Structures are given as C-alpha cells and as structure tokens.
Engineer: 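Just dropping this structure here.
Note that the structure is predicted; figures quoted are calculated from it, not measured.
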Amino acid sequence: MVAIARKKFTIDEYHRLIDWGFFAGNESVELIRGEIIKMSPKRTLHSVCNSFLWKALYDLIGNQAEIRVQEPIFIDSNSEPEPDLVIAIKQDDNYLSSHPTPKDILLVIEIADSTLKYDQETKLSLYGEAGINNYWIFNLGDRHLEVYQQSFQDHQGKFAYRSKQIVLSQETVNLPHFDSLNLDLAQVFPG
C-alpha cells in the first residue's frame, strides 16, 4: 500500500512560486494552512457589494485607519489569506515592510455568495485561531451581515467566536474600534 501525503507550503515557498510565475497571471490564489486555494471568481453582485462597501467605509473612516481591499494579510508561517476588506491600524510605512498581522487588524470582512460555507467554517476558524476578534461576513444570499466577535478555542480545540449577530440589510451596524461610526447597510447591499 502506498501512503499519500499532501505537500504543505510555507509562506516563503508560496512566495517563491509566485516569483517564479507558477500561477497564471489572472489566477487568484491564497495560502490557507499550508494549502494553496484557488479563489472563486467574483460575480457581479460580489463586486458591486465590495465597491459599495469600500466607498462607505472610506467615507466613514477616512484616514483614521488603513482600508485594504482584497490584499494579503499575514496570519502565520503557512497562511496568507486575501480577505475582501480589512481595516487595520495606520502604519507609518503603509505596510510596505510587511502585510498586516492579527495585532494590526481591527476588522476582517468577507463577502460571500458561492463561498458562504467556506467563509463560515474555514475562514472563521482561521481568523479565530489568529486572535482576530472582529470578523464580518456579508451574506449576499440571505441579504444580511453576520457579525462575529470575541474569538475563542473550545474544549475540543476548535476555534470560533463567542458572539454572532445578524444585522439586516436595511439596518446600521457600529464599526468595531470606532464607537461613533455606524455603517448603513442599505448603502452596501446592492439592489
């Protein structure tokens, strides 16, 4: 019997593959727990929601924090996801020296249509394990926002969040770390 083993990649190995041109120019991938994951193509609804969200966040936050759109974050030596949006603390070098790490991140946001289950399970566990305490999923299918707060590890070793709140598409939600700023979801959900 032949044993089958998967090759797990480190971030350094992953970056070498990128530098060598291993991935096609239009191929979107991310490194999750050592595995190279091909990202789903963005459908129109996803793209429009992402654009609306970025504009609304920029109008609210301005230069108080760094808003990164579909850019990598550094989780650990084998995970470099590319969330749809990240709000991170300001850095003098604008993260030129390194991608934001969990200690820099105020909020991670994913926009989900075909990726909902993946975002609710794999990404949620990854962000929870990293100690990112604020994670949002814009659930396009159900037209609501899922707000996850306070990451923790349960007695079986699984990572999750203590709090999950559903915010409807016509409601507002407070931005974590910005007590006086509320996001109007009617400006974000398309149509």
Engineer: Sequence neighbours excluded and cut-off under 3.5 Å, please list the side-chain donor-acceptor pairs for residues 60-68, or say none.
Structural biologist:
unit_1 : atom_1 : unit_2 : atom_2 : d
Gln64  : NE2    : Ile61  : O      : 3.3
Arg68  : NH2    : Pro72  : O      : 3.2
Arg68  : NH2    : His99  : ND1    : 3.4

Engineer: With rounding to the nearest 0.5 angstrom, report the CG to CD1 distance, Leu31 to Ile37.
Structural biologist: 8.5 Å
Engineer: Do Leu53 and Val69 touch side chain to side chain, with heavy atoms closer than 4.5 Å?
Structural biologist: no
Engineer: Just wondering, do Phe159 and Leu126 contact through their side chains at under 4.5 Å, heavy atoms?
Structural biologist: no
Engineer: What I want to check is whether the side chains of Ser151 and Asn133 have a donor and an acceptor closer together than 3.5 Å.
Structural biologist: yes
Engineer: Are the side chains of Ile32 and Lys123 in touch, meaning some heavy atoms are under 4.5 Å apart?
Structural biologist: yes
Engineer: Please check if any side-chain donor atom of Asp104 sits under 3.5 Å from a side-chain acceptor atom of Thr101, or the reverse.
Structural biologist: yes
Engineer: State plainly whether one hydrophobic cluster holds both Leu140 and Val108, where clusters connect Ile, Leu, Val, Met, Phe, Trp and Tyr through side-chain heavy atoms under 4.5 angstrom apart.
Structural biologist: no
Engineer: Please find the pair of heavy atoms, one from Asp76 and one from Ile11, that lie closest to each other, and give the distance.
Structural biologist: O-CD1, 2.9 Å
Engineer: Can you check whether Gln156's main-chain N or O pairs, donor with acceptor, with Asp154's side chain at less than 3.5 Å?
Structural biologist: yes
Engineer: Spell out, yes or no, whether Ile89 and Phe178 are grouped together once hydrophobic residues are joined by side-chain heavy atoms under 4.5 Å, including indirect joins.
Structural biologist: yes
Engineer: First locate atom CG of Leu116, then atom CD1 of Ile111, and finally report the distance between them rounded to the nearest 0.5 Å.
Structural biologist: 12.5 Å
Engineer: Measure from the side-chain N and O atoms of Glu30 to the backbone N and O of Glu82, and report whether any donor-acceptor pair falls under 3.5 Å.
Structural biologist: yes
Engineer: Between Thr115 (side chain only) and Tyr118 (backbone N and O only), is there a donor and an acceptor less than 3.5 Å apart?
Structural biologist: no
Engineer: So, does Asn139 use its side chain to make a donor-acceptor pair with the main chain of Gly141 at under 3.5 Å?
Structural biologist: yes
Engineer: Side-chain contact test, heavy atoms from C-beta onward, threshold under 4.5 Å: evaluate it for Gln187 versus Phe52 and give yes or no.
Structural biologist: no
Engineer: Going by heavy atoms in the side chains, are Leu85 and Trp136 under 4.5 Å from each other?
Structural biologist: no
Engineer: Where do Tyr14 and Val29 come nearest, in terms of heavy atoms and distance?
Structural biologist: OH-O, 3.2 Å
Engineer: If Ile, Leu, Val, Met, Phe, Trp and Tyr residues are connected whenever their side-chain heavy atoms lie under 4.5 Å apart, and connections chain through other members, are Leu107 and Trp54 in the same group?
Structural biologist: yes
Engineer: Checking Glu146 against Ile166 for the side-chain contact (heavy atoms from CB on, under 4.5 Å) test, could you report, in this order, the C-alpha distance in whole Å, the side-chain angles of both residues, the deciding distance, and whether it holds?
Structural biologist: CA-CA 5 Å; Glu146 299 176 13; Ile166 300 296; 3.7 Å; yes
Engineer: Take Tyr161 and Ile132 through the test side-chain contact (heavy atoms from CB on, under 4.5 Å) and record every step on the way to the result.
Structural biologist: CA-CA 10 Å; Tyr161 287 82; Ile132 296 171; 4.2 Å; yes
Engineer: Give a yes or no on this: more than 12 heavy atoms of other residues, nucleotides or ligands lie within 6.0 Å of atom OH of Tyr58.
Structural biologist: no
Engineer: Apply the side chain to side chain contact (heavy atoms under 4.5 Å, CB included) test between Ser125 and each candidate in Gln120, Lys158, Arg33; give the one that qualifies.
Structural biologist: Arg33
Engineer: For Tyr127 and Glu110, which I'm curious about, is there any donor-acceptor pair between the side chains at under 3.5 Å?
Structural biologist: yes
Engineer: Which distance, rounded to the nearest 0.5 Å, do you find between the CG of Asp119 and the NZ of Lys117?
Structural biologist: 12.5 Å
Engineer: Determine whether Val86 and Phe74 fall in the same hydrophobic cluster, where Ile, Leu, Val, Met, Phe, Trp and Tyr are linked whenever their side-chain heavy atoms lie under 4.5 Å apart.
Structural biologist: no
Engineer: Counting neighbours of NZ on Lys90 that are heavy atoms of other residues, nucleotides or ligands and sit closer than 6.0 Å, is the number greater than 12?
Structural biologist: yes
Engineer: Would you check if Pro176 and Leu106 make a side-chain contact, meaning some heavy-atom pair closer than 4.5 Å?
Structural biologist: no
Engineer: Can you check whether Glu171 reaches Leu145 side chain to side chain, under 4.5 Å on heavy atoms?
Structural biologist: no
Engineer: Roughly how far apart are Ile36 CD1 and Ile18 CD1, rounded to 0.5 Å?
Structural biologist: 8.0 Å
Engineer: Could you check if a side-chain atom of Leu17 sits within less than 4.5 angstrom of a side-chain atom of Phe9, using non-hydrogen atoms only?
Structural biologist: yes
Engineer: How far does OG of Ser169 sit from CZ of Arg143, to the nearest 0.5 angstrom?
Structural biologist: 4.5 Å
Engineer: Where the side chain of Asp184 meets the backbone of Thr172, is there a donor-acceptor pair that is under 3.5 Å apart?
Structural biologist: no
Engineer: Check whether more than 12 heavy atoms from other residues, nucleotides or ligands sit under 6.0 Å from atom CG of Asp92, and answer yes or no.
Structural biologist: no
Engineer: In this structure, are over 12 heavy atoms from other groups packed under 6.0 Å from Arg43 atom CZ?
Structural biologist: no
Engineer: For Phe22, is the CZ atom crowded, meaning more than 12 foreign heavy atoms sit under 6.0 Å from it?
Structural biologist: no
Engineer: Check the hydrophobic clustering (I, L, V, M, F, W, Y; side-chain heavy atoms under 4.5 Å; chains of links allowed) and say if Leu45 and Leu185 are grouped together.
Structural biologist: yes
Engineer: What distance do Asp113 atom CG and His46 atom NE2 have between them, rounded to the nearest 0.5 Å?
Structural biologist: 6.0 Å
